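What follows is a single structure, written as structure tokens, with notes after it.
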Amino acid sequence: MAMTSAWSYSSLKEYKNCARRYHETRVLKNYPREETDATRYGTALHLACEEYIRDNKPLTPEFAFLKPTLDAVAAMPGVKYCEHKMGVRKDGSACEFFDKDVWSRGVADVLIVNEDNFTATVLDYKSGGDKYPDPDQLKLMALMVFAHFPDVRVVKGGLLFVLKNTVTKMRLEAENAASAWMYFRKDVARLERSFETGVWNPQQSGLCRKWCPVKTCEFCGDR
């Protein structure tokens with residue numbers, strides 16, 4: 001069985017954490033994702049940021065604390081793209097998000113392309129804690145930027161933990177794009193083998209007891 005859809009950073013990360021969970025939730029869809037107060041808050045926060053940067057829409061009192069951060073983003077030189085969807089083919093070339101031959105997809109919360117100095121900045125708002133920052137997400141977005149904006153030579157990235165007022169940074173040069181792609185391709189090859197063989201082994205971790213929805217798994221603590 002071939003892969004049924006393009007992979008994203010979040011889907012690949014879920015596969016790496018536990019192939020069984022990935023298969024049950026994303027392929028078989030036996031356990032639909034449920035909204036929580038945290039996810040609803042994150043969605044509202046992202047929308048407030050998008051509309052402030054793109055449309056200059058005033059922030060509601062709930063999100064007024066974001067203004068200094070968003071003003072700093074708005075002041076950065078370059079063309080700004082909000083919630084910018086990008087796709088790439090398996091050969092690394094650019095394509096549209098929903099093209100039939102799309103291999104990987106990504107959405108940049110904010111992408112700023114400065115053609116004057118051949119640089120770009122990709123930013124991702126985080127409404128959770130900053131204890132375990134994951135800049136690899138920014139690395140994948142940088143690779144997509146190189147594909148879609150071939151004149152860009154350097155991509156700088158930042159995970160903006162807006163509730164903690166901290167930033168996790170990333171920088172990638174175009175000359176290192178090939179080796180950066182290999183970092184992801186190794187894990188994608190494992191994912192493709194799971195589709196081919198039908199083997200989706202569970203990975204026991206601290207997430208099993210409270211955070212996994214797959215109740216049929218032998219490691220789920222809430223069976």
Side-chain angles (χ1 to χ4, degrees), residues 3-55 57-67 69-70 73 81-87 97-98 102 104-111 122-138 140-141 144 158-168 191 200 202-223:
M3 283 180 61
T4 56
S5 63
W7 62 275
S8 64
Y9 182 77
S10 60
S11 68
L12 186 62
K13 183 176 180 179
E14 183 167 357
Y15 173 79
K16 290 168 63 178
N17 287 339
C18 181
R20 173 76 58 79
R21 174 170 175 162
Y22 173 95
H23 186 239
E24 290 281 349
T25 60
R26 291 185 179 263
V27 181
L28 300 180
K29 302 186 186 302
N30 286 333
Y31 302 91
R33 296 177 183 273
E34 297 181 359
E35 275 198 321
T36 65
D37 289 342
T39 58
R40 282 188 286 268
Y41 179 81
T43 299
L45 184 147
H46 276 73
L47 180 60
C49 293
E50 176 187 1
E51 292 180 337
Y52 187 87
I53 296 295
R54 187 192 63 209
D55 307 322
K57 181 178 179 179
L59 296 166
T60 63
E62 180 183 14
F63 297 118
F65 72 94
L66 294 169
K67 191 175 188 305
T69 297
L70 297 180
V73 173
Y81 305 86
C82 295
E83 296 299 317
H84 188 63
K85 295 181 173 65
M86 293 179 285
F97 196 79
F98 292 112
V102 62
S104 181
R105 295 187 177 113
V107 181
D109 287 351
V110 181
L111 170 63
V122 61
L123 303 172
D124 194 276
Y125 307 116
K126 296 296 183 184
S127 57
D130 59 355
K131 188 175 182 180
Y132 302 107
D134 189 1
D136 285 347
Q137 174 186 357
L138 298 172
L140 179 60
M141 295 307 305
M144 293 187 173
L159 301 176
L160 307 183
F161 293 92
V162 294
L163 300 184
K164 301 292 184 178
N165 199 29
T166 61
V167 181
T168 296
L191 174 60
W200 304 91
Q203 177 66 44
Q204 189 175 15
S205 73
L207 300 176
C208 296
R209 182 165 297 277
K210 293 183 179 181
W211 304 108
C212 183
V214 184
K215 306 305 181 185
T216 55
C217 179
E218 58 268 34
F219 297 122
C220 182
D222 296 328
R223 284 191 302 144

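Quick note: residue numbers are just sequence positions, from 1. Bear in mind that the values here come from a model prediction, so they are computed numbers and not experimental data.
Between Leu191 and Tyr22 the shortest side-chain heavy-atom distance falls below 4.5 Å. Two residues are said to be in side-chain contact when any heavy atoms from C-beta on lie closer than 4.5 Å; Arg21 and Cys217 fail this criterion. For the pair Ser10/Arg26, a side-chain contact is recorded, criterion being any heavy-atom separation below 4.5 Å from C-beta on. In this structure, the side chains of Lys164 and Lys131 stay at 4.5 Å or more apart for every pair of heavy atoms. Looking at Asn17 and Ser205, their side chains never come closer than 4.5 Å, going by heavy atoms from C-beta outward. The shortest distance between side-chain heavy atoms of Thr168 and Asp130 does not fall below 4.5 Å. In this structure, the side chains of Leu70 and Leu59 come closer than 4.5 Å at one or more pairs of heavy atoms. Using a 4.5 Å heavy-atom cutoff, the side chains of Thr216 and Tyr31 are in contact.
Note that CZ of Arg20 and SG of Cys208 are 10.5 Å apart. Values are rounded to the nearest 0.5 Å. With values rounded to the nearest 0.5 angstrom, Met144 atom CE is found 6.5 Å from Met86 atom CE. Atom CG of Leu163 and atom CG of Leu160 lie 11.5 Å apart (nearest 0.5 Å). Once rounded to the nearest 0.5 Å, the distance linking CZ of Phe219 with SG of Cys18 reads 9.0 Å. In this structure, CG in Leu45 is found 11.5 Å from NZ in Lys126, a value given to the nearest 0.5 Å.
Listed by chain and residue number, nothing satisfies the salt bridge (charged side-chain N to carboxylate O under 4.0 Å, His left out) test with Asp109 (two or more places apart in sequence, or in another chain). Residues that satisfy the salt bridge (charged side-chain N to carboxylate O under 4.0 Å, His left out) test with Lys85, not counting sequence neighbours, are absent from this structure.
For the residue pair Gly128 and Phe161, the shortest heavy atom distance occurs at O-CD2, 3.9 Å. The heavy-atom pair separating Ser11 from Ser8 by the smallest distance is OG-N, 2.9 Å. Across Val102 and Gly87, no two heavy atoms sit closer than the pair CG2-CA, 3.9 Å. The two residues Gly42 and Ser127 make their nearest non-hydrogen contact at CA-OG, 3.5 Å. Among all heavy-atom pairs drawn from Leu138 and Val122, the shortest one is CD2-O, 4.0 Å. Closest non-hydrogen pair, Met141 versus Ala108, comes out as CE-N, 3.5 Å.
Salt-bridge check for Lys13 with Asp136: failed, with every basic side-chain N at 4.0 Å or more from each acidic carboxylate O.
Surrounding CG of Asn165 are at most 12 heavy atoms belonging to other residues, nucleotides or ligands under 6.0 Å away.
Each of Tyr125, Tyr41, Tyr52 was checked for a ring-ring contact (aromatic ring centres under 6.0 Å, His included) with Phe63, and the lone residue meeting it is Tyr41.
For the residue pair Thr25 and Glu14, a side-chain donor N or O sits within less than 3.5 Å of a side-chain acceptor on the partner.
With hydrogens and angles ignored, the 3.5 Å screen pairs a side-chain donor or acceptor of Arg105 with a backbone N or O of Phe97. With hydrogens and angles disregarded, a donor-acceptor distance shorter than 3.5 Å links the side chain of Ser104 to the backbone of Trp7.
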